[in-house]
Amino acid sequence: RKPWRARAEVGGKRGPRSSGGVHRWQERMRPEAMALPGVAVVSRIVPDEAVGRWEIQDLSRFQRRSSKAYSSGPILVAGGSPFGLLLRLGGKDTEFASDLQVYAVNLSGRRTMGQHTIRVVNQARGREGDVVLFGEPGLWDSKSEWGWKQAMSLDTLEDPEAGFVIDDTLVLELYMQVWEPEAIRTQGVPATAARPSVLLTVPPPSLAG
């Protein structure tokens, strides 16, 4: 039995052969003839960025060392999702009873990919005196909280010489980056392969919901 051979199909029919036994379509696909415009599909993650500011007045009236949390409500929108801040001045847990606790909260009803930074603003010394808390990128569930149970000590926060609380007012800032998938189709990319190939264009994957 003769070995099976693949045959080129052109328009649903067998391609004609040249006198040298080489398919004419192969002759046309030599490297020098392949520098033709092509199509490239590029998938990239595009961050949507936003900054929100929370000014907390009458801080001395807020409860200390309790489980009570104070919420800013939505202070920014990034990637179509609202985000806010959550504050506790200590807590019932003795390990964190003397610490400022701050969290960023996803207030939307959906999951999203994001990364956050919280700043405890130093109102006396400027940006260089801020306490900056950098969060890790990750998947934020609906209504989830990401933050720190020991952002800084309450003694340092409320020290009149430190500059964080001025006129009984504390200022926090939230910086959010939220990622959404975006497909970019670019025309005019040269095809420089040395042999014929089949290009399959696959849509970029979307974020898991």
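What you see is a predicted model, and the numbers here were worked out from it, not measured in a lab.
Glu173 meets the side chain to side chain contact (heavy atoms under 4.5 Å, CB included) test with Arg53, Arg119, Val121, Arg127; sequence neighbours excluded. Residues passing the ring pair (Phe, Tyr, Trp, His ring centres under 6.0 Å) test with Trp146 are Trp140, sequence neighbours excluded. Under the rule for a side chain to side chain contact (heavy atoms under 4.5 Å, CB included), the partners of Ala162 that lie at least two apart in sequence or sit in another chain are Asp159, Phe164. Judged as a ring pair (Phe, Tyr, Trp, His ring centres under 6.0 Å), and not counting sequence neighbours, Phe96 has no contacts. Under the side chain to side chain contact (heavy atoms under 4.5 Å, CB included) criterion, Ser98 pairs with Arg65, sequence neighbours left out.
Under a hydrophobic clustering in which Ile, Leu, Val, Met, Phe, Trp and Tyr are joined whenever their side-chain heavy atoms come within less than 4.5 Å, directly or via other members, Val131 and Val171 fall into different clusters. Under the 4.5 Å side-chain heavy-atom criterion for ILVMFWY residues, no single connected hydrophobic cluster contains both Val120 and Tyr103. A continuous path of ILVMFWY side-chain contacts below 4.5 Å connects Leu170 to Phe62, so both sit in one hydrophobic cluster. Leu139 and Val105 end up in different hydrophobic clusters when Ile, Leu, Val, Met, Phe, Trp and Tyr side chains are linked at under 4.5 Å. If you chain together hydrophobic residues whose side chains sit under 4.5 Å apart, Leu59 and Val102 fall into the same group.
Closest heavy-atom contact between Gln115 and Gly135: NE2-O, 3.0 Å. The two atoms that bring Trp54 and Ser72 nearest to each other are CD2-CB, 3.3 Å, heavy atoms only. Nearest heavy-atom pair across Ser144 and Asp141 is OG-O, 2.7 Å. Listed here is the closest heavy atom pair of Pro47 and Trp179: CB-NE1, 3.6 Å.
In this structure, the side chains of Asp130 and Glu128 stay at 4.5 Å or more apart for every pair of heavy atoms. Residues Ile118 and Leu85 are in side-chain contact: their nearest non-hydrogen atoms beyond the backbone lie under 4.5 Å apart. You'll find the side chain of Leu87 stays beyond 4.5 Å of the side chain of Gln101, heavy atoms only. Side-chain contact between Val165 and Leu157: present, with at least one pair of heavy atoms (C-beta onward) separated by less than 4.5 Å. Between Leu174 and Val51 the shortest side-chain heavy-atom distance does not fall below 4.5 Å.
Here the side chain of Ser142 pairs a donor or acceptor atom with the backbone of Ser108 at under 3.5 angstrom. Judged purely by atom type and a 3.5 angstrom limit, Asn106 uses its side chain to pair as donor or acceptor with the backbone of Arg110. Side-chain atoms of Asp48 come within 3.5 Å of backbone atoms of Gly79 as a donor-acceptor pair (strictly under, hydrogens ignored). A donor-acceptor distance shorter than 3.5 angstrom exists from the side chain of Gln123 to the backbone of Thr169, with no hydrogens or angles considered. Remark: the backbone N or O of Leu89 is not paired with any side-chain donor or acceptor of Tyr70 at under 3.5 angstrom. Formation of a donor-acceptor pair under 3.5 Å by the Gln63 side chain with backbone atoms of Lys68 is not found in this model. A distance-only check finds a donor-acceptor pair linking the side chain of Asn122 to the backbone of Ala124 [under 3.5 Å].
Atom CD of Glu158 sits about 9.0 Å away from atom CG of Asp168, to the nearest 0.5 Å. Arg111 CZ to Ser81 OG: the interatomic distance, rounded to the nearest 0.5 Å, is 12.5 Å.
More than 12 heavy-atom neighbours from other residues, nucleotides or ligands sit within 6.0 angstrom of CG on Asp58.
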For residues 147-155, run the donor-acceptor check on the side chains, cut-off 3.5 Å, and write out each pair with its distance to 0.1 Å, sequence neighbours left out.
unit_1 : atom_1 : unit_2 : atom_2 : d
Gln150 : NE2    : Asp99  : OD2    : 3.4
Ser153 : OG     : Thr156 : N      : 3.2
Ser153 : OG     : Thr156 : OG1    : 2.9

